[in-house]
**Student:** 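I am attaching a structure below and will ask some questions about it afterwards.
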Amino acid sequence: MIKITFPDGARKEFESGVTAMDVAKSISEGLARKVIAANVNGEVWDATRPINDDANLILLTWSDTDGKKTFWHSSAHLMAEAVEATYPGVKFWVGPALDSGGFYYDMDLGDRKLSEEELAGLEKKMNELAKTNSAYIRKEMPKAEAVQYFTEKGDEYKLDLLSNLEDGGITFYTQGNFTDLCRGPHIPNTGLIKAIKLTSVAGAYWKGDEKNKMLTRVYGIAFPAQKELDEYLAMLEEAKKRDHRKLGKELGIYTMDDDVGPGLPLWLPNGTVIIEELEKLAKETEEAAEYKRVVTPHIAKESMYLTSGHLPYYADSMFPPMELEGQKYYLKAMNCPHHHKIFDAEPKSYKDLPLRLAEYGTCYRYEQSGELFGLMRVRCLHMNDAHIYCTEEQFAEEFRAVNDMYLKYFKIFGIDKYVMRLSLHNPEKLGQKYVDEPELWIKTETMVRKVLVESNIPFVEVKDEAAFYGPKIDVQIWSAIGREFTLATNQVDFNSGNKFKLSYTNQNNEPGVPLIIHRAPLGTHERFIGFLLEHYAGKFPVWLAPLQAKILPISDKFMDYCKNVLKQLKKAGIRAEIDDRNEKIGKKIRDTELHKVPYMLVVGEKEMNENKVSVRRQGKGDAGAKDVAEFIAGVKEEIENRENVVLS
RNA sequence: GCCGUUGUAGCUCAGUGGUAGAGCACUUCCUUGGUAAGGAAGAGGUCGUGAGUUCAAUUCUCAUCAACGGCUCCA
């Protein structure tokens, strides 16, 4: 007999070799039907795998994350079975569950191409196979035997997987006619998979290396009930409505034009208003933090990028040079070298430090064509850039001040769904991807970590993600459709000072090399506004809204009064317009609502006689009549405070 | 850059081997209407671009450009 301990601390005795499923059945049939896997002593196991020793047991169902992931991984196997049945000879690589939901399987279909139309056929086959209620059967196999099996099969992919596995504990899973090398675990049987949707087919490099062969990747999602699939698909539809590319078009924020070029957004008047409000915020904030503004050209000679070290290593990400007077000029992909030159323009003393140079600099990056993505990934970008030149002693405080600036901004915008990522170097790549200064790396990484810890900022550490000149903190956010982006960045640079021979005279009249902080708390106009569009679902707070109030006359009899109200609003600095179309009030309200204008001011005879406006807040309906002056005072305050009223 | 998909009016989308259609938006007229679509008429597209097949191409084929879903990349 063995003792099984449950999460609530209860203990119960069972025969050795009992399975989680048996345990579940001993509790109730209903529970047993729901169990899809088990957590045994902290490891996720098949619910059907015998437990031979005393163990802590958690029964996993669909409501557990590990339950869902097991379910999706088993769904990937089911898909592989359907693929193998449909396209014999296919070879499989890996088929994991995704943290974001669903699964994929990478496969080599030889010369065959898989089109999206064929996914429906595969789905149908999967549904048939699911209904056979085939059990997922686990089998351990010695490595030699496994190698022989795949050698005979001619499956170089699984042999590659095996080459990295230790003998012992190598397992295979079989359901129906499909057998796969797999560490598991799996759900008890295919019958649990009730609703399947194969979402897309894509290419994916083998092992994620672009030098390798491109495999075919099929993405899918599955659920234990049709209703959940329907809800999932509805959620995707909702997410699409938030997509900044759709909202950007609907709200007249930006446009792209074939003649201008890919990744080169044209900012429409509405988008430009937002840019100017953001710049105003940044300038106010930076002024208060004693930054100095600078302006630099969009191009520079090759020699500067040789100095900076960007050439030749990053030439691929820069637009090719233009040649003039026997010199090569590059469009700038970053502002730092220009700022370093400004630092270097006059001799510096320690009394000049920290020196903080800020610029909304225009950069051009030759992003690969397949990478462009609305406003989030573009080839022309405006960074909320600044470089802080400081001494080692000043560094921690400066770095902390930059972090505080981030947090202040995030509060203004109500940004709370993000991850701070501390990006560290990889010692194995010193001298290649990273500047070969092992001690400096450790030293600065420790400093940065300390600032984060002391500021009580939750963060994750990621190795091999640093900039080539130093560690950095990135703020990761997700687009409406789930793509991850770096919104803001705060980077340490202990290298460029030397490269540019930057120096200052210290208290002892000796030369010192400044440390540099690269920071962009608002990222770029492009990405930040793309993000804000999705964050607010287009319903900008009043201070950012391109149009803040729209005056809606009941009929044109009240036009003179409307013009008078408009004049007062404009005088108060409120962005306002009159809807002077020959339409009924319901139509005017509907159109203004759809354009997500924060305030609608309905004006008719009553309002005209009382010198009032009937206020309607976007998304909230009629808020009653107010004196014009009272309304203006309220809105002005809302704007000046940059109130972050988020409407549902 | 790579794999797959798509490209018809300002927007969303039908459609066809015999030189195109809807809704919304737009213009004009009627209506002067009180909190999410009043009515009528009109204008608007050489069907992404180039080439090929054909008596005939928006439709079929190829190339190219762009967008979309991924992969890789993101100093």
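The shown structure was predicted, so the numbers you read here are calculated from the model rather than taken from an experiment. Here is the naming used below: chain letters follow the sequence lines, and residue numbers restart at 1 for every chain.
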**Student:** Would you mind listing every side-chain hydrogen bond (donor to acceptor under 3.5 Å, both in side chains) that reaches into residues 251-267 of chain A, with sequence neighbours excluded?
**Tutor:**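 Applying side-chain hydrogen bond (donor to acceptor under 3.5 Å, both in side chains) to every pair that reaches into residues 251-267 of chain A, excluding sequence neighbours, yields nothing.
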**Student:** Under the criterion ring pair (Phe, Tyr, Trp, His ring centres under 6.0 Å), which of A/Trp72, A/Tyr104, A/Tyr105, A/Phe103 is the partner of A/Tyr219?
**Tutor:**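 Checked A/Trp72, A/Tyr104, A/Tyr105, A/Phe103 against A/Tyr219; only one passes ring pair (Phe, Tyr, Trp, His ring centres under 6.0 Å): A/Tyr104.
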**Student:** Find the distance between CE (A/Met334) and CE (A/Met318) and round it off to the nearest 0.5 Å.
**Tutor:**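 Answer for the CE-CE pair, A/Met334 versus A/Met318, is 5.0 Å.
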**Student:** Do the ring planes of A/His73 and A/His77 sit parallel (below 30°), tilted (30 to 60°) or perpendicular (above 60°)?
**Tutor:**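 Perpendicular, since the angle between the ring planes exceeds 60°.
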**Student:** Only stems of 3 or more consecutive Watson-Crick or G-U pairs count here, both distances under 3.5 Å; name the ones for RNA chain B, or none.
**Tutor:**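 Correct response: B:1-7 with B:65-71, B:10-13 with B:21-24, B:26-30 with B:38-42, B:48-52 with B:60-64.
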**Student:** Among side-chain atoms of A/Tyr157 and A/Asp108, is any donor-acceptor pair under 3.5 angstrom?
**Tutor:**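 Their side chains do contain a donor-acceptor pair, which is all the 3.5 Å distance test asks for.
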**Student:** For A/Asp622 and for A/Arg379, find the nucleotide of RNA chain B with the closest heavy atom, then tell me which residue's nucleotide is more 5'.
**Tutor:**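 The residue whose closest nucleotide sits nearer the 5' end is A/Arg379.
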**Student:** Atom NE2 of A/His310 and atom NZ of A/Lys332: how far apart are they, to the nearest 0.5 Å?
**Tutor:**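 The distance works out to 12.5 Å.
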**Student:** Atom pairs under 3.5 Å, N or O on each side, protein against nucleotides 4-6 of chain B: can you list them with distances?
**Tutor:**
from  : atom 1 : to       : atom 2 : distance (Å)
B/rG4 : OP1    : A/Lys113 : NZ     : 2.8

**Student:** Sequence neighbours left out, what passes side chain to side chain donor-acceptor pair (under 3.5 Å) with A/Arg245? Give chain and number order.
**Tutor:**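 For A/Arg245, the residues satisfying side chain to side chain donor-acceptor pair (under 3.5 Å) (neighbours in sequence not counted) are A/Asp243.
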**Student:** Compute the ring centroids of A/Phe531 and A/Phe485, then answer whether they are less than 6.0 Å apart.
**Tutor:**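 Aromatic pair excluded; centres sit 6.0 Å or further apart.
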**Student:** Which residues pass the side chain to side chain contact (heavy atoms under 4.5 Å, CB included) test with A/Glu237, sequence neighbours left out?
**Tutor:**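 Once residues adjacent in sequence are excluded, the partners of A/Glu237 under the side chain to side chain contact (heavy atoms under 4.5 Å, CB included) criterion are A/Lys240.
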**Student:** Between A/Gln491 and A/Tyr469, is the side chain to side chain donor-acceptor pair (under 3.5 Å) condition met? List the steps.
**Tutor:** CA-CA 9 Å; A/Gln491 312 181 348; A/Tyr469 44 66; 2.4 Å; yes
**Student:** Side-chain N or O of A/Lys584 versus OP1/OP2 of B/rA36: is the shortest distance under 4.0 Å?
**Tutor:**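 False: A/Lys584 side-chain N/O out of range (4.0 Å or more) of B/rA36 OP1/OP2.
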**Student:** Please report the distance separating the C1' of B/rG15 from the corresponding atom of B/rU8, rounded so that it comes out in whole Å.
**Tutor:**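 It works out to 9 Å between them.
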**Student:** B/rU35 P sits how many Å from A/Arg616 CZ, rounded?
**Tutor:**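 Answer to the nearest Å: 10 Å.
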**Student:** Under 4.0 Å, counting only non-hydrogen atoms across every strand here, what does A/Ser614 touch: a base, just sugar-phosphate, or nothing?
**Tutor:**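 Result for A/Ser614 = base.
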**Student:** Determine the sole option in A/Lys472, A/Lys429, A/Arg421 for which the salt bridge (charged side-chain N to carboxylate O under 4.0 Å, His left out) test with A/Glu465 is passed.
**Tutor:**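 Running salt bridge (charged side-chain N to carboxylate O under 4.0 Å, His left out) over A/Lys472, A/Lys429, A/Arg421 with A/Glu465 returns exactly one hit, A/Arg421.
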**Student:** What is the distance, rounded to the nearest whole Å, between atom NZ of A/Lys588 and atom C1' of B/rG33?
**Tutor:**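 After rounding, the gap between these two atoms is 9 Å.
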**Student:** In terms of side-chain heavy atoms of A/Ile585, which of B/rA36, B/rA75, B/rG34 is nearest?
**Tutor:**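 Among the listed nucleotides, the one closest to the side chain of A/Ile585 is B/rG34.
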**Student:** Could you check which residues of residues 548-560 of chain A get a heavy atom under 4.0 Å from RNA chain B? Sort them by number, please.
**Tutor:**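 A/Ile554, A/Ser555, A/Asp556, A/Lys557 - these, ordered by number, are the residues of the stretch whose heavy atoms sit under 4.0 Å from the strand.
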**Student:** When the C1' atoms of B/rG34 and B/rG21 are considered, how many whole Å apart are they?
**Tutor:**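 Comparing C1' positions in B/rG34 and B/rG21 gives a spacing of 38 Å.
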**Student:** For the CE atom of A/Met376 and the CG atom of A/Leu487, what is their distance to the nearest 0.5 Å?
**Tutor:**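 Between atom CE of A/Met376 and atom CG of A/Leu487 there are 8.0 Å.
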**Student:** Distance criterion of 3.5 Å, no angle test: do you see the side chain of A/Arg245 paired donor-to-acceptor with the base of B/rC68?
**Tutor:**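 Counting by modelled atom types and ignoring angles, no donor-acceptor contact under 3.5 Å is found here.
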**Student:** Touch check for A/Tyr314, heavy atoms < 4.0 angstrom, all strands: base, sugar-phosphate only, or nothing?
**Tutor:**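 Base contact.
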**Student:** Using 0.5 Å steps for rounding, measure from the CG atom of A/Asp556 to the CZ atom of A/Arg581.
**Tutor:**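 Answer for the CG-CZ pair, A/Asp556 versus A/Arg581, is 13.5 Å.
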**Student:** Can you tell me how far C1' of B/rA66 sits from CZ of A/Phe373, to the nearest Å?
**Tutor:**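 So the two atoms are 16 Å apart, to the nearest Å.
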**Student:** Expressed as a whole number of Å, how far does the C1' atom of B/rA14 sit from that of B/rA22?
**Tutor:**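 Looking at atom C1' only, B/rA14 and B/rA22 are 7 Å apart.
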**Student:** Under 3.5 Å between N/O atoms: give me all the protein pairs with nucleotides 22-25 of chain B, atom names plus distance.
**Tutor:**
from   : atom 1 : to       : atom 2 : distance (Å)
B/rA25 : OP1    : A/Lys587 : NZ     : 2.3

**Student:** As an exercise, state the distance from CG of A/Leu440 to CE of A/Met447, rounded to the nearest 0.5 Å.
**Tutor:**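 The CG atom of A/Leu440 sits 8.5 Å away from the CE atom of A/Met447.
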**Student:** Grab the CD-C1' distance between A/Glu593 and B/rA37 for me, whole Å please.
**Tutor:**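 Roughly 13 Å, once rounded to whole Å.
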**Student:** Among residues 363-370 of chain A, which residues get a heavy atom nearer than 4.0 Å to RNA chain B?
**Tutor:**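 Within residues 363-370 of chain A, the residues near RNA chain B are A/Arg365, A/Gln368, A/Ser369, A/Gly370.
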**Student:** If you measure from the C1' atom in B/rU6 to the same atom in B/rA43, how many Å do you get, rounded?
**Tutor:**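 That atom pair is separated by 30 Å.
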**Student:** Work out how far the C1' atom of B/rU53 is from that of B/rC71, and round it to whole angstrom.
**Tutor:**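 It comes out at 36 Å once rounded to the nearest Å.
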**Student:** Ring centres of A/Phe500 and A/Phe343 under 6.0 Å apart?
**Tutor:**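 No.
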**Student:** Round to the nearest Å and state the distance from A/His425 atom NE2 to B/rA75 atom C1'.
**Tutor:**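 About 17 Å, once rounded to whole Å.
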**Student:** Quick check on RNA chain B: between A/Arg590 and A/Glu484, whose nearest nucleotide comes earlier from the 5' end?
**Tutor:**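 Mapping each residue to its closest nucleotide by heavy atoms, the 5'-most match is A/Arg590.
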**Student:** Whole-Å distance between B/rA75 P and A/Asp385 CG?
**Tutor:**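 That distance rounds to 14 Å.
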**Student:** For A/Glu607, answer base if it contacts any base atom (sugar-phosphate contacts may also be present), sugar-phosphate if it contacts only those atoms, and nothing otherwise; contact means non-hydrogen atoms under 4.0 Å.
**Tutor:**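 The answer is base, as A/Glu607 lies within the cut-off (heavy atoms under 4.0 Å) of a base atom.
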**Student:** Taking the P atom of each, how far is B/rG69 from B/rU32, in whole Å?
**Tutor:**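 Straight-line distance between the two P atoms is 49 Å.
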**Student:** Starting at atom CD of A/Glu583, determine the distance to atom C1' of B/rG39, rounded to an integer number of angstrom.
**Tutor:**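 It is 11 Å, rounded to the nearest whole Å.
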**Student:** How many whole angstroms separate atom CG of A/Leu198 from atom P of B/rG70?
**Tutor:**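 Distance check: A/Leu198 CG to B/rG70 P gives 16 Å.
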**Student:** How far, in whole Å, is B/rA57 from B/rG52 if one measures between their P atoms?
**Tutor:**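 One P to the other, the span is 11 Å.
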**Student:** Is the gap between the ring centers of A/His244 and A/Phe373 under 6.0 Å?
**Tutor:**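 Judged by ring-centre distance (under 6.0 Å), A/His244 and A/Phe373 do meet the cut-off.
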**Student:** Is there a residue in residues 206-222 of chain A whose heavy atoms reach under 4.0 Å of RNA chain B, and which residues are they?
**Tutor:**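 Going residue by residue through residues 206-222 of chain A, the ones with a heavy atom under 4.0 Å of RNA chain B turn out to be A/Gly208, A/Glu210, A/Met214, A/Arg217, A/Tyr219.
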**Student:** When you compare B/rG44 with B/rA20, how far apart are their C1' atoms, in angstrom units rounded to a whole number?
**Tutor:**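 Between the two C1' atoms, the distance is 13 Å.
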**Student:** For the atom pair CG (A/Leu422) and CZ (A/Phe459), what is the distance rounded to the nearest 0.5 Å?
**Tutor:**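 The CG atom of A/Leu422 sits 6.0 Å away from the CZ atom of A/Phe459.
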**Student:** Just the atom pairs and distances: protein N or O near nucleotides 7-14 of chain B's N or O, under 3.5 Å.
**Tutor:**
none

**Student:** Please name all residues satisfying salt bridge (charged side-chain N to carboxylate O under 4.0 Å, His left out) with A/Glu302, sequence neighbours left out, ordered by chain then number.
**Tutor:**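 With sequence neighbours excluded, A/Glu302 shows a salt bridge (charged side-chain N to carboxylate O under 4.0 Å, His left out) to no residue whatsoever.
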**Student:** Which residue pairs pass the side-chain hydrogen bond (donor to acceptor under 3.5 Å, both in side chains) test with at least one member in residues 93-102 of chain A, sequence neighbours excluded?
**Tutor:**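 Every side-chain hydrogen bond (donor to acceptor under 3.5 Å, both in side chains) pair that includes a residue of residues 93-102 of chain A, provided the two are not neighbours, is A/Lys69-A/Asp99.
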**Student:** Out of B/rG34, B/rA75, B/rA36, which has the shortest distance to the side chain of A/Tyr469?
**Tutor:**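 For A/Tyr469, the side-chain atoms sit closest to B/rA75.
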